Every structure is written in C-alpha cells, then in structure tokens.
Amino acid sequence: MRELFKEASKITNYNIILAIPLIVFVKVLDLYSFFSRYHADTAPKLLLASLTVLFMGAVFCAAWFYMVKGAINLSKKVFVLDADRANASMNLFKSIPEGIGKYFLSFVGVYVIFFFIQIIATPIVYILGRHLIGRLDEVSTQNLITLANDPNLATNAGMANFIEKLTPEQIVFLGKWSLLFMLATSVVMYLLMLWIPEIIYKNENPFIALGKSVAKLFKDFFNTGRLFLSLWFMGFALLFINTFAMLNPVAYILVSILMFYFTVYITVLIFLYYDKKYMVQDEK
C-alpha cells in the first residue's frame, strides 16, 4: 500500500496539468452559481440552471477522468528525456474531446443515480437519527431555527456568533447529528469509491458499473477499507487545517492550492489502485 501512495504521488507530480481543468471548472461553477443565485428567481429558470450545472458537470467529469486514465497509462511508459514526458503529459489535453464523446452520457447517468441515492439515503439517516439521537424540545428547536436564519451566518463572524449563542444542550445535539451525517456520508463515499474507475475502464453503463464496483469493494474489503480510511484521515486533516487557514488570507490561498493538489492526488491514487488491482489481473 505504501508503494501505491508513492507511485500515485509521482504520477500526480509528473502530470500536475491535471489540476488546470479542475481549477477552471471549479471557478466557472462558482461564477455560474453566483449568477444563478440572483437571476434564477422562477421555477423554470431554476430548472434550467440545474440542468446547466448537470451538463457542465457531466462534460467536465467525462473529460477529466479520461485524462486521469491517460496519466495512469503514461506512467507505464519509459521516457528517456523529461522533455518527452512533459510533452506526453501536455498531450493529455488532446484526449478531452474523446473523453467527452465517450463518457458524457455516462456521467449524466451518474448525476441522476446519485440524486436518487441522496433521496433514498436522506430519510434513512433522518429516521436513524431520530431513534439514536432524538429531537430537541420545541422551545430549543425554535431558538435554533431563529439563529440559523440569521443572514450573517455565512460569514466567519456570523458563524462564531451563532456558536456563542448556542446552549450546551444544543451544541451536544448538533454535534451528534453532525457526527451521524459524517458517518453516513463516509459510508456512501466508500460504497462509491470505485464507481468512476469502473465506468472509465470497463462499463460505460453507470448503473451496471455501480453494482460491479460495490461488489469489488466487498470482495477486497480489507485493502479497499485501508485505502479509504487512509484517504479519509488525510482529507479530514486537510479540512481541519483549512478551517483555521481562513483566518489568514495567505494561508488560505496556500491551503486552497494544497486542496486542489490533494483532489488530483486522491483521484490518481484510486484510479491507480483500480488499474493495478483489476486491469493488470485481466491482462494476465
């Protein structure tokens, strides 16, 4: 497993251009979300904005994940000169149209399936929380709703003020629910970990790919569990650092760059694991 992490780091460093499409997409999505927030003021406009985001996401995922697969394939080749490796890495951009043409509909299906997964998972988590955690009394609930509706809540100062006004009972209550949602999200993330590589490498049908990827997870539960836990703790530590980095503009920029790098790295790592575990086996 250690060698896998090292190799993924090398591939990421050699193909750092993978971060460029990711950064561009995130910034374009931010701008479009900001635009939609003030202009999608009717149901038809909101539906159109949602469909636009869906298709934007499908185009990006089809292109970017296909580029990641190309980076994995490049790592298997021997380059005499670093310039040749750099040129080969730059040529990954040429695979973007092919990736979109081949996997666009697959990722539209991914978004639709993930939407239904959320619809199914949300009431399950809610019912589970009601039984394990319970609910606040009506007075505390009303106070919590009033605090949450504060328009300044989105700012750092507003969030700090929100936490200061909470009672110990409310803090414990929110902490338990946050822990439950974090655990539920982690379970879903684990179950979907090999879904995208399965689509890119073997099954363009997202529904079939989902079933086969989950089966592979449990068939090799020990290794996939170790991989997921390693990534989970790394991601949690980075998010923890990012929370404090918001207090300093320079630190926030540096951590934001690190988060983009980490996103590329974990994607390369998961694709590399899939390639070594399942594609190499098929070639033997």
Side-chain angles (χ1 to χ4, degrees), residues 8-9 11-40 45-74 86 88-115 117-118 154 185 188-189 192-201 204 206 209 231 234-235 238-239 242 245-246 252-272 274:
S9 179
I11 295 174
T12 303
N13 293 335
Y14 285 141
N15 300 278
I16 198 62
I17 63 165
L18 290 173
I20 296 176
L22 177 63
I23 295 172
V24 171
F25 173 72
V26 170
K27 296 308 176 184
V28 170
L29 187 61
D30 284 343
L31 290 173
Y32 186 76
S33 298
F34 180 79
F35 173 83
S36 300
R37 190 181 308 164
Y38 294 99
H39 292 83
K45 289 182 180 179
L46 183 60
L47 177 61
L48 179 61
S50 300
L51 290 175
T52 302
V53 171
L54 186 153
F55 292 137
M56 285 170 58
V59 168
F60 166 74
C61 290
W64 194 61
F65 288 123
Y66 192 66
M67 287 181 66
V68 173
K69 178 185 176 182
I72 301 297
N73 292 335
L74 281 181
S89 181
M90 288 297 295
N91 286 335
L92 289 175
F93 282 112
K94 296 181 180 179
S95 67
I96 288 179
E98 182 180 356
I100 295 174
K102 192 172 182 180
Y103 296 106
F104 172 73
L105 291 179
S106 298
F107 282 99
V108 170
V110 166
Y111 276 88
V112 173
I113 293 172
F114 186 71
F115 174 74
I117 290 175
Q118 289 179 305
T185 302
V188 173
M189 289 173 62
L192 302 181
M193 185 172 70
L194 297 181
W195 189 17
I196 303 304
E198 181 73 24
I199 291 174
I200 297 297
Y201 278 100
E204 295 178 25
L231 295 176
M234 291 167 63
L238 189 56
L239 287 175
N242 184 62
M246 291 181 180
Y252 181 71
I253 293 174
L254 293 176
V255 174
S256 296
I257 295 173
L258 182 60
M259 290 187 72
F260 279 115
Y261 178 87
F262 180 70
T263 302
V264 175
Y265 174 73
I266 62 174
T267 305
V268 169
L269 180 61
I270 293 173
F271 269 66
L272 181 63
Y274 187 97

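Given the structure is predicted, the values throughout are model-derived calculations rather than measurements.
- Rounded to the nearest 0.5 angstrom, F271 CZ and I200 CD1 are separated by 5.0 Å.
- When all heavy atoms of P206 and V110 are compared, the closest pair comes out as CB-CG2, 3.9 Å.
- In this structure, I266 CD1 and L238 CG are separated by 9.5 Å, a value rounded to the nearest 0.5 Å.
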Exercise for the section: Before giving the answer on side-chain contact (heavy atoms from CB on, under 4.5 Å), spell out for W195 and I113 the whole-Å C-alpha distance, their side-chain angles and the decisive distance to 0.1 Å. Expected result: CA-CA 12 Å; W195 189 17; I113 293 172; 3.8 Å; yes

Handout entry: Stepwise side chain to side chain donor-acceptor pair (under 3.5 Å) test for N13 and Y265
Key = CA-CA 9 Å; N13 293 335; Y265 174 73; over 6 Å; no

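- Residue L239 holds its CG atom at 8.5 Å from CZ of F262, rounded to the nearest 0.5 Å.
- By the 6.0 Å contact criterion, CZ on F35 is open, its count of non-hydrogen atoms from other residues, nucleotides or ligands being 12 or less.
- Atom CG of N91 sits about 10.5 Å away from atom CZ of F93, to the nearest 0.5 Å.
- Separation of atoms CG (L92) and CD1 (I17) is listed at 5.0 Å; rounding is to 0.5 Å.
- Looking at every heavy atom in both residues, L74 comes nearest to A88 through CD1-O, 3.5 Å.
- Between the CG atom of L258 and the OG1 atom of T263 there is a distance of 9.5 Å, given to the nearest 0.5 Å.
- Within a 6.0 Å sphere centred on CZ of F104, heavy atoms belonging to other residues, nucleotides or ligands number more than 12.
- The heavy-atom pair separating Y32 from L48 by the smallest distance is OH-O, 4.4 Å.
- Under a cut-off of 6.0 angstrom, the local environment of CZ in F115 is sparse, with at most 12 non-hydrogen atoms contributed by other residues, nucleotides or ligands.
- I270 is listed as a side-chain neighbour of L231, based on a closest heavy-atom distance under 4.5 Å.
- Closest approach of L272 and A8 over heavy atoms only: CD2-N, 3.7 Å.
- In this structure, the side chains of T267 and I196 stay at 4.5 Å or more apart for every pair of heavy atoms.
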Per-pair distances, 0.1 Å, donor-acceptor, side chain in residues 53-72, under 3.5 Å, sequence neighbours excluded:
unit_1: W64; atom_1: NE1; unit_2: L18; atom_2: O; d: 2.7
unit_1: Y66; atom_1: OH; unit_2: E98; atom_2: OE2; d: 2.8

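- No side-chain donor-acceptor contact under 3.5 Å links Y103 and E204.
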